[in-house]
Amino acid sequence: MKFSLPVSDFNLEHTLECGQAFRWEKSGSFYTGVIGDAAVKVSFDGRKLAVEASPGADKKRIADYFGLNEDLPRIYKKIGGDPNIKKAIKKYRGLRILNQDRWECLASFILSSYTNIPRIKKMIASLSRRLGKRLVLGGTEIYSFPPAGKIAKAGMKELKGLGLGFRAGYIKDTAQKVASKKFDLDALEDLNYGEAKERLMTLKGVGGKVADCVLLFSFKRYEAFPVDVWIKRGLEELYFNGKAVTPEKAAEFARERFGGYAGYAQEYLYHYLRHEKERS
DNA sequence: TCTCAGGCACTAT
DNA sequence: ATAGTGCCTGAG
């Protein structure tokens, strides 16, 4: 099925390549990925997001996935008072925070621990290829992200064979809890930010950073401010005169300075910092 | 060959 | 509370 979604203040490339999602592949002017169980191919011409998706795909869900319902100019007003964020916005205008599948997001960021983005992508690709559902869209083959039940049942040897390393134990353990409903991901919706984060952190392989990523990228909790090494270094350099701060302190500072949309500030800053480094 | 990644758990103070 | 240490693996 094909349809298009009109949207202004949107940039597809920045949105899909700022590091919040790991499975979108670019070919020409299109990006191909999976949303839930639907294969999706998208392109953007500056006015509307053109979508081709598996039959039966939910149009509203896809618009929601890309964050098209958020009022970006209003968010810019809230966080753009800071000169650094202002610069980052100018450069990456249209970058939107996605609203991803919760389980996929949680599992993906458990895998992100102590490794680099190319390898995270590789781990997720091999995991999906092995345990996900094969989908075909316009001749392109792609695999859905495996449900928790599939990963829960997979053997440790099999998972390690997919290159997950020591994370295999973490993801299997969490998959078992989610699949058995011992841990109800959707129930986090009813908790406030602090409670939800704390609850997520009871899972093996989930610390503060991963919990914040999950809340920001799949629960629309825009006050979440994931502090990774890049953000930590960046904040130290830009706001603490080069002095070292703990991740907790950095996050506290950010929420104070950027307020309820600290997470949006984080994404722009993160993207900005990474590309600054690439140049030098 | 070697270093180093988008953290976390575990242990010792 | 806070500080130190090891971890699978592969890309550069």
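All heavy atoms count here, side chains included; hydrogens, waters and symmetry mates do not. Here is how names work: the chains are called A, B, and so on, in the same order as the sequence lines, proteins then strands, and each is numbered from 1.
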Which label fits W24(A) and F66(A): parallel for a plane angle under 30°, tilted from 30 to 60°, or perpendicular past 60°?
tilted

Nearest heavy-atom neighbours spanning K243(A) and E236(A)
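Looking at all heavy atoms of both residues, the shortest contact is O-CG, 3.2 Å.
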
Residues which pass salt bridge (charged side-chain N to carboxylate O under 4.0 Å, His left out) with [X], listed by chain and number, not counting sequence neighbours:
X	answer
D58(A)	none
E195(A)	none
K172(A)	none

Beyond-backbone contact of [X] with [Y], side-chain heavy atoms, under 4.5 angstrom:
X	Y	value
Y239(A)	N84(A)	yes
Y193(A)	R255(A)	yes
Y268(A)	Y76(A)	yes

Can you tell me the distance, in whole Å, between the [atom1] atom of [X] and the [atom2] atom of [N]?
X	N	atom1	atom2	result
L269(A)	dG6(B)	CG	P	16 Å
I231(A)	dG7(B)	CD1	C1'	15 Å
K232(A)	dG6(B)	NZ	P	15 Å
K197(A)	dG7(B)	NZ	C1'	13 Å
H271(A)	dG6(B)	NE2	C1'	14 Å
D173(A)	dA9(B)	CG	P	11 Å

Let me have the donor-acceptor pairs involving side chains of residues 139-154 of chain A, under 3.5 Å, with sequence neighbours excluded, atom names and distances please.
residue	atom	partner	partner atom	Å
E141(A)	OE2	R134(A)	NE	2.5
E141(A)	OE2	R134(A)	NH2	3.1
S144(A)	OG	K133(A)	N	2.9

Per-nt protein contacts along nucleotides 5-12 of chain C (heavy atom under 4.0 Å; B base, S backbone sugar-phosphate only, - none) come out as --BBBBS-

Using the side chain to side chain donor-acceptor pair (under 3.5 Å) rule, collect all pairs that involve residues 201-210 of chain A, keeping only residues at least two apart or in two chains.
none

Does one side chain, of E70(A) or Y222(A), offer a donor that lies under 3.5 Å from an acceptor on the other?
yes

Review item, side-chain donor-acceptor pairs of residues 40-51 of chain A, under 3.5 Å, at least two apart:
residue	atom	partner	partner atom	Å
D45(A)	OD1	R47(A)	N	2.8
D45(A)	OD1	K48(A)	N	2.8
D45(A)	OD2	K48(A)	NZ	2.8

Please state the P separation for the pair dG6(B) and dA3(C) - nearest whole angstrom.
24 Å

Please give the distance between the P atoms of dC8(C) and dT11(B) as a whole number of Å.
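It comes out at 15 Å once rounded to the nearest Å.
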
Return the [atom1] to [atom2] distance between [X] and [Y], rounded to the nearest 0.5 Å.
X	Y	atom1	atom2	value
T15(A)	F10(A)	OG1	CZ	4.5 Å
N99(A)	F217(A)	CG	CZ	11.5 Å
E267(A)	F225(A)	CD	CZ	9.5 Å

Ranges pairing with ranges for DNA chain B, where each run has three or more Watson-Crick or G-U pairs under 3.5 Å:
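Expected stems, ordered by start: B:2-5 with C:9-12, B:7-13 with C:1-7.
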
Hey, can you pull the donor-acceptor pairs under 3.5 Å for the side chains in residues 117-127 of chain A, sequence neighbours left out?
residue	atom	partner	partner atom	Å
R119(A)	NH2	G163(A)	O	2.7
S126(A)	OG	K122(A)	O	3.2
S126(A)	OG	M123(A)	O	3.0
S126(A)	OG	L162(A)	O	3.1

Please work out which residues in residues 199-217 of chain A have a non-hydrogen atom less than 4.0 Å from an atom of DNA chain B and list them by number.
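By residue number: L203(A), K204(A), G205(A), V206(A), G207(A), G208(A), K209(A), V210(A), C213(A).
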
Tell me which residues in residues 247-267 of chain A lie within less than 4.0 Å of DNA chain B, going by non-hydrogen atoms.
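By residue number: none to list.
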
Report each atom pair, protein N/O against N/O of nucleotides 11-13 of chain B, whose distance is under 3.5 angstrom.
none

